Amino acid sequence: MKWTLALVVTVITALLLAGGWIQSGGMKLHAERAAGTPEEAVRALMADIQAHDWAHAYARLERSNHLQEADFVREVGGSDGSLRTYSSLQSFDIWPVHADSEHATLRVRMNWSSAIGSLDEVRDLQVAREGSVWKVVWPKPNFPDVPLQVLPVNYLRWDVIGRRSDDWGSASVDTPRVRIISMNAVERPDSVVIVGEVENEDTVPAYLNISAALLKPDGSPLSQQDSFDAIAHRLLPKQVSPYRIDFPGARLSQVKSVRIDAHPLLIPASADPVISVESQNVAKDALGRTTLKGALVNQSGQTVNIAQVLAVFYDSAGKPIWVSDGYVEDALLPQAPVPFAVDIPGDVASRMHDYHVAVNHYIAPTT
Amino acid sequence: MLLTVMASYVWAQDPVLKAPGAVSAGQSVKLAVQGHGSATFYLVGPDRVLKRKISLGEEIEIAAEDLKTAGKYEAIACNGGNCSNTQFNVLPSQPAQLIFFLHPSRVPVSSGNAVNATALVLDREKNVVWSSANVNFKIDLPDGSSSTRAVPTTRGIASFAMDSRSRQGKVQVTASLDDVSEPRVIQQVAAEACGLRMTAAPTGRFMTFQTDPIRDCGGNPLPDGTIVSFTKTDSTGRSTVDSPIKKDRAVARFEVTGPAKVSVACGVVVGNELSLGGAR
C-alpha cells in the first residue's frame, strides 16, 4: 500500500512536469531547435533570443563574416543601459521573401516587451545552407568607434535651492511660464487625438505635463487624458516640444469643445546633453509604411541611455496634424550617430507639408 | 412663608449683563453682571465658545487668550431658565504684521502693469486691520535708483501694479507700515530675442554656425541655457540641433557637403537664413 501511494505520487508529479513543459512551449522550442529549413533556422534563432540563450543563438549563426559572440549579444541584448537592455522578445512572426536551394531571405517581425511598452522591429534575415542545416547570416554590427579624446562639457545647470515655505504670503518662486502655441483636435479611426506644441517661455527649466478634457455640448467632460510620454517633459528655456493626447473610443461628433491645461513645475536641470537630429528624411520602409528617418547624435560627453524622438507634422497652413513618437533602442554614445525611424500614418503623409523633430532623453543615475 | 418668598426673590434674581466698551483683540476684558446667586456664563465668539460658573454681582473677567479673534461676540448668563445676553465687538488692534505678495517672481523687461504688489495689514493676532492706513512701498531697481509709493489700505489691503523696467536684474520692493517692513525680490529677465542673426565659418569638413550675441529689443542678453534651434536643409535631408546659449551666443556644427540652407530660431522668434554652396 505504501509503495503504491509513492508510485502514484511520482507518476502524477511526472505528468504535471510534462504538462508544464508542454504548456510553456517546450514542444515548440524543441521543434524550433531543429533547422532543416530556412524558416526553422530563423524560428530556432528567435526562440533562443527569446530565452536569452545567447550561446545557443550564436551557435546557430553562419560565421563567414567573422561575427563575434560579444558583438552579437551586445546588439541583440543591448548595452550601456539602452532600452534594449530593459527588453525581452515577446513574440515573432516570420514570412519568406525569397528562397533558392542555397540561400533564402526571411522577414521577421519581432515584438519586444520593454520598459516603455511594446516595440516592433522588422528585419530581413539572410539564411544560408550549410550541409543539411540552414544557418542565419547575422549581419556584422557596426558599433561606433569614437577615438579616445577629452571632451570638455561646461553647460550650465539650474538648481532650485532654499526651503520651500508653506506659509501664506511668504516669498516664493513662481512655476515656469509655458504657453501652448498650437493645438488641433484630430479624428482617427478609433480615437480622437489632440496634437500641438508647447513652449517654455520662461528663463528657467520646466517639467511639463499637459492634460485635456473633451467637453460635451452640455459642458460636462466626456473624457480626460494627459500627454503621458508623448511630450518632452523637460523643457529648457525657449524650448518647444510637440505633444499628443489620445482619447481612445471618442468621436469628434460627441465633442463640443476641448479644455486643455499645462502643468509646469520648476525643476533642477542641466543644459547637457545636446542631441542633434541629422539627415531627417521621409521615406517608405520595408513594409511600405511612410516613416520619418534620421540619426541622433549625442554631441556631449555623457552616454544617453534612452532617447525618444517626437515629431510633429504640419499641413500646408502650418497647423499640426499629427505627432509621432518612437524610442531608440540603442544608447546614444558620445559623438556616434544612432538611426531612428518613426511612423507617419498614410493619411497624414499625404497631407503633410512640413515637420519638426524634438528629442527626449533619459540618463540613468550613476552610482 | 412671606420671608421665604422674599428670600428666594433676593437670592435668585435674574442676571443682567452689561456690555463692555470698545475691545481690542488680544486684550482681556471685564463684564459687569448684576444679580445675586450663581449662574452659568457662556461666551460665543467667531472661533470659540466658553462656558463657566459665575457668581452674579461680581465682574466676569474674560482672558486675552479668549479674545484673540476680531468679530462679534455674544455673552450669555443663565440662572436656571432665566437668561440675559449682550453683544460686543472685538476690533483689530494696531497693525503689527504685513503679508506681502510681489508677483510674479520673474517678469520680462518692459512689460506694462506686469508686476503686482499686494500688502495685507494684520494686527499681532493676525486679524485684518480694517481701518485705513498708508502702506509705503520702496522700490529698489537694478541700476541703484529707488522710489517710494504710499498706497492707502482699503479693507486692510494695499495694492498697486507697475511696469517692469527696461533693464534686467533684481528688483526689491519693501512694503512698510510704521515699524513693520517686509522685503520681496523679483527678477526682471530678458524678453524675446530680437534681431537674431548667425554667421558661418568652416572648421574642417564641418561648418560652424554661431549667432551674434543674442539680446532682446532692449539690449538685455538672453540668459545662458536658453535654447536656440538650428536647422540645416540639404540634399541629404534636414538636420536640426537645439543648442543652449553659452556666453551670450549659441553654436551649432553641421557637416555641409553641397548646397544647403541653414536657419536659426529661438522659441517663436526666427532669425536669418544662410544659403551655402550658392548665393549667400
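Nothing here was measured: the structure is a model prediction, and the numbers come from that model. In what follows, chains are A, B, ... by sequence order, proteins preceding strands, each numbered from 1.
More than 12 non-hydrogen atoms from other residues, nucleotides or ligands lie less than 6.0 angstrom from CZ of Phe143(A). Within 6.0 Å of CG on Asn142(A) lie no more than 12 heavy atoms contributed by other residues, nucleotides or ligands. Other residues, nucleotides and ligands contribute over 12 non-hydrogen atoms within 6.0 Å of the NZ atom of Lys246(B). The neighbour count for Gln94(B) CD, taken as heavy atoms of other residues, nucleotides or ligands under 6.0 Å away, does not exceed 12.
In this structure, Asp224(B) and Leu156(A) approach most closely via the heavy-atom pair O-CD1, 3.5 Å. Annotation for Asp174(A) and Arg106(B): closest pair O-NH2, 3.2 Å, computed over non-hydrogen atoms. Of all non-hydrogen atoms in Glu199(A) and Glu192(B), the two that sit nearest each other are OE2-OE2, 4.5 Å. Taking both residues in full, the closest heavy atoms of Pro244(B) and Val274(A) are given as CD-CG2, 3.5 Å, listed atom of the first, atom of the second, then distance.
Using modelled atom types, one side-chain atom of Arg238(B) and one backbone atom of Tyr355(A) make a donor-acceptor pair closer than 3.5 Å.
Highest contact tally toward chain B, considering only Val282(A), Asn200(A), Val204(A), Ile275(A), is held by Val204(A) [criterion: heavy-atom pairs under 4.5 Å]. Of all the listed residues (Ile227(B), Val185(B), Val189(B)), the one sharing the greatest number of non-hydrogen pairs under 4.5 Å with chain A is Ile227(B). Ranked by heavy-atom pairs shorter than 4.5 Å toward chain A, the options Ala193(B), Ala119(B), Pro108(B) are led by Pro108(B). Put simply, of Ala358(A), Ser279(A), Ala271(A), the one with the most heavy-atom pairs under 4.5 Å next to chain B is Ser279(A).
With a threshold of 4.5 angstrom between heavy atoms, Arg157(A) does not approach chain B through any atom at all. Proximity to chain A involves both the backbone and the side chain of Val268(B), based on heavy atoms less than 4.5 angstrom apart. Contacts of Thr175(A) with chain B are made by backbone atoms alone, with heavy-atom separations under 4.5 Å and no side-chain atom involved. Both the backbone and the side chain of Pro104(B) have a heavy atom closer than 4.5 Å to some heavy atom of chain A. Contact annotation for Asp272(A): neither backbone nor side-chain heavy atoms come within less than 4.5 Å of a heavy atom of chain B.
Rounding to the nearest 0.5 angstrom, the gap separating the OG atom in Ser276(A) from the CZ atom in Phe230(B) is 12.0 Å. Distance check: Asn281(A) CG to Ser239(B) OG gives 9.0 Å after rounding to the nearest 0.5 Å. For the atom pair CZ of Arg177(A) and OG of Ser105(B), the computed distance is 10.0 Å after rounding to the nearest 0.5 Å. Here the OG1 atom belonging to Thr236(B) is positioned 8.5 Å from the CD atom belonging to Glu278(A), to the nearest 0.5 angstrom. The distance from atom CD1 of Ile245(B) to atom NZ of Lys238(A), rounded to the nearest 0.5 Å, is 9.0 Å.
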